[in-house]
Each structure stands twice: as structure tokens, then as C-alpha cells.
Amino acid sequence: MDNVDQALAERVRNERQARRWSLAELATHSGVSKAMLSKIERVEASPTANTLARIATAFGLTLAELLSFERASHPIRLMRADAQPTWRDPETNYVRRQIFVDPRVPFEMVEIMLPAGKSVSFPASTYIDRQHVVWMLSGELNLREGDEEHFLSTGDRLQFREPRDVTYRNATLKPCRYLVAIQLR
């Protein structure tokens with residue numbers, strides 16, 4: 001486990017305690033088992049992207065907000081690439097780089113690198129009160145939105161409709177990169 005796991009454990013625990021929720025209550029709200037939540041808070045397990053999305057949604061946060069461990073007291077106008085926070089999914093090696101999140105602005109940007117042959121899924125609840133657009137930076141991606149499937153390649157963009165379960169799948173032999181822009185409603 002690394003510093004990101006420790007910071008994440010503290011963030012989940014602090015958010016839960018701020019709401020005066022027990023682990024059982026967070027489990028009920030998130031659909032993540034009490035045992036897994038306990039392991040996350042004790043830094044005994046690295047949660048997957050799907051698990052983190054469920055926890056963030058239970059708290060009424062976006063995944064970016066949950067993964068933002070430090071709050072800036074003033075706007076950061078220029079953030080160099082090496083200073084942008086990254087998080088790696090332990091199950092798929094999916095890498096999420098937070099390009100922009102600011103609690104004063106209802107907009108987020110995230111760059112995702114999805115390795116070859118991997119997929120990551122998110123429940124419909126992740127997309128409630130949020131407008132998403134995916135823009136392919138490189139490679140190819142199969143995106144299943146509910147019962148609708150979209151094939152995206154470099155330069156393509158897809159604007160999501162009403163909230164539905166979503167699966168991002170890279171069926172190729174090369175990693176793909178895409179940008180997710182999120183507007184909070």
C-alpha cells in the first residue's frame with residue numbers, strides 16, 4: 001500500500017464520520033460490504049474504481065471529489081502534468097489523472113488510460129446529477145451505456161444520456177486514452 005491508499009483511507013473515514021455514519025450505514029448507502037469498507041479504512045485493501053464510485057456516490061461526491069485529498073485555499077491556475085494527482089485501479093491498472101477539479105466550479109476533467117484487454121464498469125448512480133462527455137485521445141474503446149453500445153476511436157466524442165450502468169472496455173492490444181468532462185447539475 002502507498003501514500004495514496006493511506007490518504008484515501010483517511011478521506012473515506014473522515015467523510016463517513018462527518019455524516020455520523022457507522023460502517024454498516026455506509027455499506028447500506030454504497031452497496032459496498034462492511035468488511036471491504038473496513039479494509040479500505042484500515043489500509044488493508046486498495047479499492048477498485050467501481051468500489052470508489054459507489055462510495056463517492058453514497059457521500060454525494062464525484063469520484064474526483066473523493067480522490068481530491070487536499071483542498072486548495074486559492075485557485076491553482078497552472079498545474080504541471082507531474083503535479084496532477086493520479087490514481088491506479090489495483091484490479092485493471094486503469095490510471096486516472098485528475099486534470100481539473102475545483103469545489104467552486106461545477107466542472108471536472110479527468111484523463112483515463114485503460115490498458116489493453118481491460119474493462120471498468122460504473123453503476124448508473126454514478127451519473128445522477130452529472131452530465132458526462134467522453135472524448136477519445138488515442139486508441140479505441142467500446143462503451144456500453146445501458147443496453148446501447150458505442151465504438152469510439154481517436155477524436156470521437158460521446159455525450160451521455162440519462163443515467164445508466166456504463167462499461168468502458170478496451171478490446172484492443174494497445175492501451176487507450178480518453179478524457180472525461182463532467183458538469184455537475
So does Arg16 pair up with Glu41, basic N to acidic O under 4.0 Å?
yes
Distance (rounded to the nearest 0.5 Å) between Cys176 SG and Asn142 CG:
9.5 Å
List the steps and the verdict of side-chain contact (heavy atoms from CB on, under 4.5 Å) for Ile182 and His132.
CA-CA 5 Å; Ile182 304 162; His132 283 67; 3.7 Å; yes
Hey, what do you get for CZ (Arg144) to CD (Glu149), rounding to the nearest 0.5 Å?
4.5 Å
Salt bridge present between Arg80 and Asp82 (N-O < 4.0 angstrom):
no
Residues Phe122 and Ala49: closest non-hydrogen pair is CE2-O, 3.6 Å
Once you round to the nearest 0.5 Å, how far does CZ of Arg169 lie from CG of Leu141?
9.0 Å
What distance do Leu114 atom CG and Lys174 atom NZ have between them, rounded to the nearest 0.5 Å?
15.5 Å
Just verifying a value: how many Å separate Tyr178 OH and Ser138 OG, rounded to the nearest 0.5 Å?
11.5 Å
Nearest atoms (heavy-atom pairs only) where Arg54 meets Ser30
CB-O, 3.4 Å
Could you tell me whether Asp89 and Arg96 have a side-chain N and a carboxylate O separated by less than 4.0 Å?
no
With rounding to the nearest 0.5 Å, note down the distance linking CD in Glu145 to CG in Leu158.
5.5 Å
Is Glu108 salt-bridged to Arg130, cutoff N-O under 4.0 Å?
no
